[in-house]
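Here the structure is laid out as structure tokens; the discussion comes afterwards.
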Amino acid sequence: MTDSEKNIPRHVAMIMDGNGRWARRRGLSANKGHRAGAETVKRMVEACSDYGIRYLTLYAFSTENWSRSKREVSGLMTLLKRFLAERVKDLQKNDIRLNAIGDLAGLPADVRSALQKAMNDTAGNSQGVLTLALNYGARQEIAATVRDLAAKVLDGEITPADITPGLISSHLSTADLPDPDLIIRTSGELRLSNFLLWQASYSEFWFTDTLWPDFSKEDFAEALAEYARRKRRFGGRKD
């Protein structure tokens, strides 16, 4: 194993962008693009297992995505239920636990039920964690954490002086996950789009013009190779 192969991120987060453009270029509906993107999810879960990457977080549905057409949103919810029903066996095979972050109460009841069943079915798995960010927005997450901590101050459980970055992190929805080492965004966009704003403080970023449905294991390998070449200083010097 080369030095680059040894320098593998522990946690990779992905902004899965470009399904709609992929579909439009082929004269297809947006939902067919999302279905093609679901196959890429399967490839990335397998790739992370092959590389020994323990944590994979996917930006699956943002709080802003509700503004899309009712037909597209309905198709996304149907696809999510299908994914949960069909892919649990793959997660079991790879000993991966399913996790979810976001305002899950805002999802349709049937989706919540399917999600909870999949999480229950994989709860005992220990080789990796696949986290789906669903109805997720980082600003909303931070605001909820601020409200929670403010309530604890009012109740006398903590003082304002007790509020540290570590305490804030422990109250986020990702409290049981390490911060992402590498964040990948497909489709050529160069922004976070309200994804893991707090957690990404020292993440490395890798952007590609490749649309999500076309994102391959070879593309992922390229991202990992670039990550391995970087020196992470976390604000200090390691020359």
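- M44 places a side-chain heavy atom less than 4.5 Å from the side chain of F215.
- Using a 3.5 Å distance cut-off with no hydrogens or angles, the side chains of E64 and N194 do pair a donor with an acceptor.
- Looking at L224 and I53, their side chains come closer than 4.5 Å, going by heavy atoms from C-beta outward.
- Side-chain contact between N99 and L177 is present, with heavy atoms from C-beta onward closer than 4.5 Å.
- Side-chain contact, S216 with D219: a donor N or O sits under 3.5 Å from an acceptor N or O.
- When all heavy atoms of R230 and F205 are compared, the pair lying nearest together is NH1-O, 2.7 Å.
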- Message: Would L56 and M14 count as a side-chain contact (heavy atoms from CB on, under 4.5 Å) here? Give the steps.
- Response: CA-CA 8 Å; L56 173 63; M14 296 183 175; 4.1 Å; yes

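- Here the closest heavy-atom approach between residue L134 and residue L104 is recorded as O-CD2, 3.9 Å.
- Applying the side-chain hydrogen bond (donor to acceptor under 3.5 Å, both in side chains) test to pairs two or more places apart or on separate chains, those with a residue in residues 160-171 are K152-H171, T159-D162, S169-W198.
- Residues A118 and L84 come closest through the heavy atom pair CB-CD2, 4.1 Å.
- Atom CZ of R232 and atom OG of S203 lie 6.5 Å apart (nearest 0.5 Å).
- For the side chain to side chain contact (heavy atoms under 4.5 Å, CB included) test with N135, the passing option among L107, N65, I101, V111 is L107; the others fail.
- To the nearest 0.5 Å, atoms CG (D179) and OG1 (T174) are separated by 6.5 Å.
- Contact annotation: the side chain of Q140 never approaches that of D103 to less than 4.5 Å [non-hydrogen atoms, C-beta and beyond].
- Counting heavy atoms from C-beta on, the side chains of L79 and R35 come closer than 4.5 Å.
- Applying the side-chain hydrogen bond (donor to acceptor under 3.5 Å, both in side chains) rule to pairs touching residues 51-61 yields H11-T57, sequence neighbours excluded.
- The existence of a salt bridge linking E226 and R229 is confirmed by a sub-4.0 Å separation between a basic side-chain nitrogen and an acidic carboxylate oxygen.
- At a threshold of 4.5 Å between non-hydrogen side-chain atoms, the residues K81 and P108 do not count as touching.
- Considering every non-hydrogen atom in both P180 and L196, the closest pair reads CG-CD1, 4.1 Å.
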- Please report the C-alpha distance between N31 and H34 in whole Å, then the side-chain angles of each, then the deciding distance to 0.1 Å, and finally whether the side-chain contact (heavy atoms from CB on, under 4.5 Å) criterion is met. CA-CA 5 Å; N31 284 323; H34 295 310; 3.7 Å; yes

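- In terms of heavy-atom proximity, R10 sits nearest to P178 at NH1-CB, 3.8 Å.
- If you take CG on D209 and CD on E189, they are separated by 9.5 Å, rounding to the nearest 0.5 Å.
- Heavy atoms only, all atoms of each residue included: I15 and R191 are closest at CD1-O, 3.9 Å.
- Distance check: N19 CG to T40 OG1 gives 7.5 Å after rounding to the nearest 0.5 Å.
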- Message: Using the rule given for side-chain hydrogen bond (donor to acceptor under 3.5 Å, both in side chains), can you reason through N125 versus Q92, listing the C-alpha separation, both sets of side-chain angles and the distance that settles it, and then say yes or no?
- Response: CA-CA 7 Å; N125 296 344; Q92 297 286 36; 2.8 Å; yes

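- By the 4.5 Å heavy-atom criterion applied to side chains, D50 and K217 are counted as neighbours.
- Atoms OG1 and CZ, on T210 and F220 in that order, are 14.0 Å from each other to the nearest 0.5 Å.
- Between the side chains of S74 and R71, no donor N or O sits under 3.5 Å from an acceptor N or O.
- In terms of hydrophobic clustering, with Ile, Leu, Val, Met, Phe, Trp and Tyr side chains grouped at heavy-atom distances under 4.5 Å, V41 and L98 are assigned to a common cluster.
- Here the CG atom belonging to D17 is positioned 11.0 Å from the CZ atom belonging to F207, to the nearest 0.5 angstrom.
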